[in-house]
There are 6 protein chains.
Amino acid sequence: MYELGVVYRNIPRTDAGTAGRLGAFGSATVHEAMGRVGLLKPYMRPIYAGAQVSGTAVTVLLHPGDNWMMHVVAEQIRPGDIVVAAITAECTDGYFGDLLATSFQARGAIGLVIDAGVRDVKTLTEMRFPVWSKAISSKGTIKATLGSVNIPVVCAGALVHPGDVIVADDDGVVCVPREMAARTLEAASAREANEGEKRARLAAGVLGLDMYKMREPLEKAGLRYID
Amino acid sequence: MYELGVVYRNIPRTDAGTAGRLGAFGSATVHEAMGRVGLLKPYMRPIYAGAQVSGTAVTVLLHPGDNWMMHVVAEQIRPGDIVVAAITAECTDGYFGDLLATSFQARGAIGLVIDAGVRDVKTLTEMRFPVWSKAISSKGTIKATLGSVNIPVVCAGALVHPGDVIVADDDGVVCVPREMAARTLEAASAREANEGEKRARLAAGVLGLDMYKMREPLEKAGLRYID
Amino acid sequence: MYELGVVYRNIPRTDAGTAGRLGAFGSATVHEAMGRVGLLKPYMRPIYAGAQVSGTAVTVLLHPGDNWMMHVVAEQIRPGDIVVAAITAECTDGYFGDLLATSFQARGAIGLVIDAGVRDVKTLTEMRFPVWSKAISSKGTIKATLGSVNIPVVCAGALVHPGDVIVADDDGVVCVPREMAARTLEAASAREANEGEKRARLAAGVLGLDMYKMREPLEKAGLRYID
Amino acid sequence: MYELGVVYRNIPRTDAGTAGRLGAFGSATVHEAMGRVGLLKPYMRPIYAGAQVSGTAVTVLLHPGDNWMMHVVAEQIRPGDIVVAAITAECTDGYFGDLLATSFQARGAIGLVIDAGVRDVKTLTEMRFPVWSKAISSKGTIKATLGSVNIPVVCAGALVHPGDVIVADDDGVVCVPREMAARTLEAASAREANEGEKRARLAAGVLGLDMYKMREPLEKAGLRYID
Amino acid sequence: MYELGVVYRNIPRTDAGTAGRLGAFGSATVHEAMGRVGLLKPYMRPIYAGAQVSGTAVTVLLHPGDNWMMHVVAEQIRPGDIVVAAITAECTDGYFGDLLATSFQARGAIGLVIDAGVRDVKTLTEMRFPVWSKAISSKGTIKATLGSVNIPVVCAGALVHPGDVIVADDDGVVCVPREMAARTLEAASAREANEGEKRARLAAGVLGLDMYKMREPLEKAGLRYID
Amino acid sequence: MYELGVVYRNIPRTDAGTAGRLGAFGSATVHEAMGRVGLLKPYMRPIYAGAQVSGTAVTVLLHPGDNWMMHVVAEQIRPGDIVVAAITAECTDGYFGDLLATSFQARGAIGLVIDAGVRDVKTLTEMRFPVWSKAISSKGTIKATLGSVNIPVVCAGALVHPGDVIVADDDGVVCVPREMAARTLEAASAREANEGEKRARLAAGVLGLDMYKMREPLEKAGLRYID
């Protein structure tokens with residue numbers, strides 16, 4: 001957490017296939033499949049609607065108002081990565097704009113998750129480079145202080161290790177630890193198995209009360225109907 | 001308010017015609033027509049822009065992190081209803097997603113107002129099932145504790161009785177008590193009567209100062225012009 | 001700041017050419033060009049995405065829940081102006097809707113920046129009348145108390161004098177004092193000069209580390225790479 | 001809720017003995033005894049530590065920035081009452097200071113609960129007139145608009161009817177509806193019955209795990225110990 | 001506002017007698033006497049209860065996380081001054097602790113008002129050096145970037161010029177512009193003239209309704225009493 | 001982080017001497033000595049002023065509104081421990097009151113740090129059992145769901161491992177990782193070495209500008225003095 005001024009170059013990444021397949025389920029299903037943990041706080045919002053990505057985390061720890069390390073992390077990006085940026089204190093400054101996005105995209109990054117602000121959101125939207133952030137702000141940053149790259153970070157209340165899987169969409173951002181990725185994928189697949197059938201029955205007017213057999217447990221819990 | 005574990009099945013609803021006609025005026029005009037009361041707090045935001053609905057409230061009281069009663073309320077929905085969900089403490093969890101929306105829609109619900117979070121917002125948007133909520137969150141909920149259905153609830157600071165009219169659009173959410181619905185509809189109609197004419201005059205460059213005859217009262221109040 | 005009940009009619013405005021050209025750079029570049037000052041707090045958000053305007057400020061100081069002076073300021077608008085509305089206390093009420101927007105637009109206003117709420121946002125969006133605000137709210141206001149027009153105001157934490165340039169877009173709102181406008185325009189132009197070239201190089205995979213010659217200063221600062 | 005401009009003079013109050021005895025248990029125990037409902041939001045804080053009161057609610061609905069009705073409610077106070085003040089929109093202005101406190105105290109009020117701000121808190125502390133509020137603010141208010149007295153109000157998220165019991169201390173504020181007061185008192189007494197004995201056992205080092213016989217249910221729920 | 005890297009050494013100060021006498025009235029009365037303007041936002045809270053000061057402002061503009069200019073402003077302090085510190089962006093870091101307080105006190109400062117955080121509050125309390133701040137935080141700051149001293153600043157939403165009077169107590173912080181100080185003192189004195197008499201009458205049970213002759217205007221406004 | 005339903009019984013703790021000596025420096029000095037990292041967010045506030053403790057962390061992960069694991073963690077407390085409680089989602093409920101405090105104190109705990117609410121604060125204050133929390137709330141919790149004890153947790157934005165040192169006082173809460181404790185103690189001692197001398201010189205009127213030899217670097221940075 002607290003190692004400053006270091007860049008870890010070779011990090012173990014979750015394999016790309018697992019990371020990619022997790023994304024198809026979406027953050028809500030993945031979060032359930034993990035046992036309802038790993039979610040970044042819901043103040044993290046996408047800069048445009050409709051993006052749905054999953055990839056491997058490269059992490060960067062930044063100081064308030066200073067984006068120097070964003071250029072350092074750019075070099076560590078490999079295709080399929082999502083950059084996860086944490087700040088050592090609360091900050092809403094715009095750490096990231098269209099030039100950095102161009103660079104990240106050229107390196108193969110497929111998204112950014114940052115516990116601070118971003119800018120040039122109109123251009124980022126046109127580029128279809130998705131960002132989940134705490135704020136949008138024109139405020140620029142300086143380049144003066146060392147942080148670190150690819151150390152474990154706390155981002156929006158969640159611990160993220162380099163190489164973990166990030167699943168992000170309109171509902172939010174989930175971090176799946178590397179060692180839990182395979183089993184989470186399995187659990188997510190199982191959850192989704194009969195979703196289509198359930199949806200069809202509900203659309204036909206069947207009640208969840210009946211489909212999930214809730215009437216008896218509700219009655220046992222003491223639910224009373226009054227006409 | 002505090003009756004837990006009960007479901008009121010037969011509630012008096014505002015007649016559908018009145019409820020429907022109120023919606024056409026929009027929440028801002030209806031709020032004015034009520035005498036500037038009945039508004040839910042402005043942190044309640046639509047998950048997508050452009051929806052404008054009005055309907056009769058069926059209410060549900062939930063516990064933090066527990067959406068069991070959402071399945072109970074589904075059965076009480078009649079066509080034209082809007083579900084109003086209150087929570088016994090602050091919570092941003094995602095209580096509602098695409099499966100429940102499918103069920104609600106099948107029962108005839110035309111919207112949801114919830115003082116907590118929702119998820120699957122991309123799918124909800126595609127389904128055109130409008131939701132006004134405090135948050136968007138992937139975080140799921142459990143099904144363990146009884147709340148109540150169709151009791152009076154406080155939702156986002158406003159008291160809502162089952163059967164009241166809910167008017168919701170991009171500007172916010174207003175609750176019109178059942179016994180005030182008819183007279184609010186009248187007042188709203190009166191307000192709108194010459195809106196078109198006013199708009200035309202303003203568009204032609206006439207000033208509100210003159211159209212509303214404000215110059216004299218402003219002068220009396222002491223307004224001074226300095227060149 | 002504290003002169004109540006006065007309207008200044010003849011205010012010196014930044015020349016329209018300078019004001020207009022500043023807008024083309026966007027709020028982020030202008031904010032940098034000013035030396036990273038002059039930004040309104042990032043809670044100020046546009047009611048719809050994509051608007052990008054710049055113009056000269058006419059200011060209005062309002063009381064909480066009272067929009068009487070909005071009609072007074074309408075008369076002082078000249079083509080190319082942006083109305084900047086400050087409130088004497090925190091308030092999220094909807095001070096401004098489609099009728100006032102029609103009037104403002106007829107007078108030549110090209111936008112509104114308000115440290116409070118607005119309503120009728122669907123219609124405002126259709127009219128393409130851009131507003132940057134703290135909130136969206138159906139809640140209406142009364143017309144009872146005098147404020148002032150064209151005095152200096154503090155809006156969302158920034159001091160705005162009448163005639164200053166306002167640059168507003170999806171990233172936020174910046175106020176450029178009239179006496180800094182020309183030199184800020186120059187500085188912004190200089191910053192943008194080789195943006196295209198930089199973007200091309202970054203898109204080609206060149207790293208900011210090399211393009212900006214950061215490797216040496218980073219090493220001097222003590223950055224260590226670990227394999 | 002929405003009746004403006006009325007003062008109900010004769011309200012049924014919970015009997016003083018019940019109201020008083022509830023206070024001795026404190027807000028936490030009373031909240032438990034009610035089934036964990038009736039709590040005002042925790043942003044309501046006392047202006048000084050150590051006050052613990054209970055009394056019957058007289059309610060007042062005020063407009064933002066306007067404390068005219070505080071003088072109207074003063075006349076309706078009877079000994080043992082606590083004034084509960086709700087506002088029609090969010091406001092932090094200082095509605096109440098030492099003069100009003102002098103008047104309230106003279107009428108027999110034993111406290112104030114207000115979903116807004118107060119001032120003169122140094123003097124109020126010296127007077128030992130306890131106030132639970134959302135804010136402390138020097139900002140004064142005007143006297144211009146009618147609200148109501150002794151109608152049901154929503155205060156800090158809780159519905160309060162005139163005559164309900166208010167229990168307030170350092171932990172927060174609970175509203176006990178009049179018709180639940182007697183049975184809540186009973187439930188609270190039962191809860192407290194063997195508190196002293198429990199405290200003694202815990203102080204002697206006995207674990208809650210054993211005292212409450214939790215080891216078996218925890219094991220059943222799957223708790224594992226790892227050495 | 002935006003002049004960086006400058007220190008104004010000779011500033012005109014409100015005369016000490018006026019500044020001192022204003023303090024005796026307290027922030028609430030002074031705020032009223034000014035016509036209800038000039039108040040810093042109510043999130044500014046004293047680090048300990050009971051302090052009541054007034055003095056002349058020396059201002060300092062700081063960058064987030066950087067307190068270098070605090071040492072520069074120390075030299076500009078004269079006996080009776082209150083330092084007013086504004087930050088160019090939101091920050092809660094602890095800019096000020098016991099060493100700086102020792103220095104400020106030695107120079108004659110009688111308080112600090114800072115739109116950020118402070119630390120060592122236990123020692124500051126023992127020293128009886130009053131501080132009004134947005135936050136309390138252990139987080140230290142660096143000394144790297146120039147701000148300015150004795151330029152006009154926006155602090156907690158209020159414009160403060162060097163030499164203005166600051167009145168601060170448990171209710172909040174008010175800034176009285178130098179040119180309004182004398183007349184505000186007069187207005188405050190007039191307000192206080194018969195406070196003692198009013199208090200005595202209210203304490204004797206006289207109602208504000210009668211003392212302020214409100215019954216007639218309330219009736220005219222339409223107030224109805226219901227038995 | 002995400003291991004649910006486990007209790008680690010034997011955790012390596014920082015040695016008591018080191019933990020204790022760190023506390024004497026206070027959270028601000030320790031935070032500096034660590035290189036300005038490890039701080040819990042400043043919304044964590046003590047329930048009463050003046051407490052200053054340091055001890056070894058035993059951690060507990062709880063679910064919103066459920067304090068069952070507080071009884072489980074009690075058994076793992078050893079003399080000199082501070083319990084650090086994290087919640088899987090945002091919650092302000094009162095998880096902890098006088099009975100649990102009695103039990104914790106009997107087991108040797110010297111404090112609690114909890115990213116949620118507590119209650120019975122009056123009694124806790126009388127017991128001198130210090131708590132740093134996000135909220136104070138009467139709202140009770142249930143005992144239904146397993147969390148974990150002595151796993152790494154994120155509390156108020158900081159990662160805490162069992163056995164780390166917690167330093168908490170009026171300025172906030174810092175977590176010193178076990179492996180950094182010895183060197184942080186050294187660094188803190190070095191920082192404090194000549195504090196007394198510095199304070200004496202500042203009290204005598206010497207300026208930080210001179211004592212820290214800042215005049216030259218400020219001049220180099222471009223600071224200008226204007227008379």
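Chain letters run A, B, ... following the sequence lines, proteins first, then strands; residues in each count from 1.
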How about [X] and [Y]: do any of their side-chain heavy atoms sit closer than 4.5 Å?
{"X": "B/Pro152", "Y": "B/Leu159", "answer": "yes"}
{"X": "A/Lys139", "Y": "A/Tyr95", "answer": "no"}
{"X": "A/Pro64", "Y": "A/Thr88", "answer": "yes"}
{"X": "B/Ile166", "Y": "B/Val160", "answer": "yes"}
{"X": "B/Val176", "Y": "B/Met34", "answer": "yes"}
{"X": "A/Phe104", "Y": "A/Ile77", "answer": "yes"}
{"X": "A/Thr59", "Y": "A/Leu61", "answer": "no"}

**Message:** Has A/Thr14 got a side-chain atom pairing as donor or acceptor with A/Gly163's backbone, closer than 3.5 angstrom?
**Reply:** yes
[X] versus chain A, the contacting section by heavy-atom distance below 4.5 Å:
{"X": "B/Val72", "result": "both"}
{"X": "B/Met69", "result": "side chain"}
{"X": "B/Gln105", "result": "neither"}
{"X": "B/Leu99", "result": "both"}
{"X": "B/Thr141", "result": "backbone"}

Side chain, backbone, both or neither: which part of [X] has a non-hydrogen atom closer than 4.5 Å to chain B?
{"X": "A/Tyr43", "result": "neither"}
{"X": "A/Ala49", "result": "neither"}
{"X": "A/Arg215", "result": "side chain"}
{"X": "A/Leu218", "result": "both"}

Would you mind telling me which of [options] has the largest number of heavy-atom pairs within less than 4.5 Å of chain B?
{"options": "A/Gly26, A/Ala204, A/Ser27, A/Gly172", "result": "A/Ser27"}
{"options": "A/Leu39, A/Asp171, A/Leu209", "result": "A/Asp171"}
{"options": "A/Leu223, A/Asp169, A/Asp170", "result": "A/Leu223"}

Which one wins on heavy-atom pair count under 4.5 Å against chain A: [options]?
{"options": "B/Gly140, B/Ala106, B/Gly94, B/Gly97", "result": "B/Gly140"}
{"options": "B/Ile142, B/Val149, B/Thr92, B/Ile47", "result": "B/Ile142"}
{"options": "B/Leu100, B/Thr102, B/Asn10", "result": "B/Thr102"}

**Request:** Go through B/Val58 and B/Ile11 one step at a time and tell me if the side chain to side chain contact (heavy atoms under 4.5 Å, CB included) criterion holds.
**Result:** CA-CA 9 Å; B/Val58 293; B/Ile11 56 164; 4.2 Å; yes
**Message:** Sub-4.5 Å heavy-atom contacts with chain B: which residues of residues 107-138 of chain A show up?
**Reply:** none
**Request:** Please report the closest heavy-atom contact between A/Arg178 and A/Arg13, naming both atoms and the distance.
**Result:** CD-C, 3.7 Å
**Prompt:** Under 6.0 Å between ring centres, would you say that holds for B/Tyr8 and A/Tyr225?
**Reply:** no
**Asked** Does a salt bridge link A/Glu195 with A/Arg191, judged by any charged N lying under 4.0 Å from a carboxylate O?
**Response** no
**Asked** So, B/Asp81 versus B/Thr56: side-chain donor-acceptor pair below 3.5 Å or not?
**Response** yes
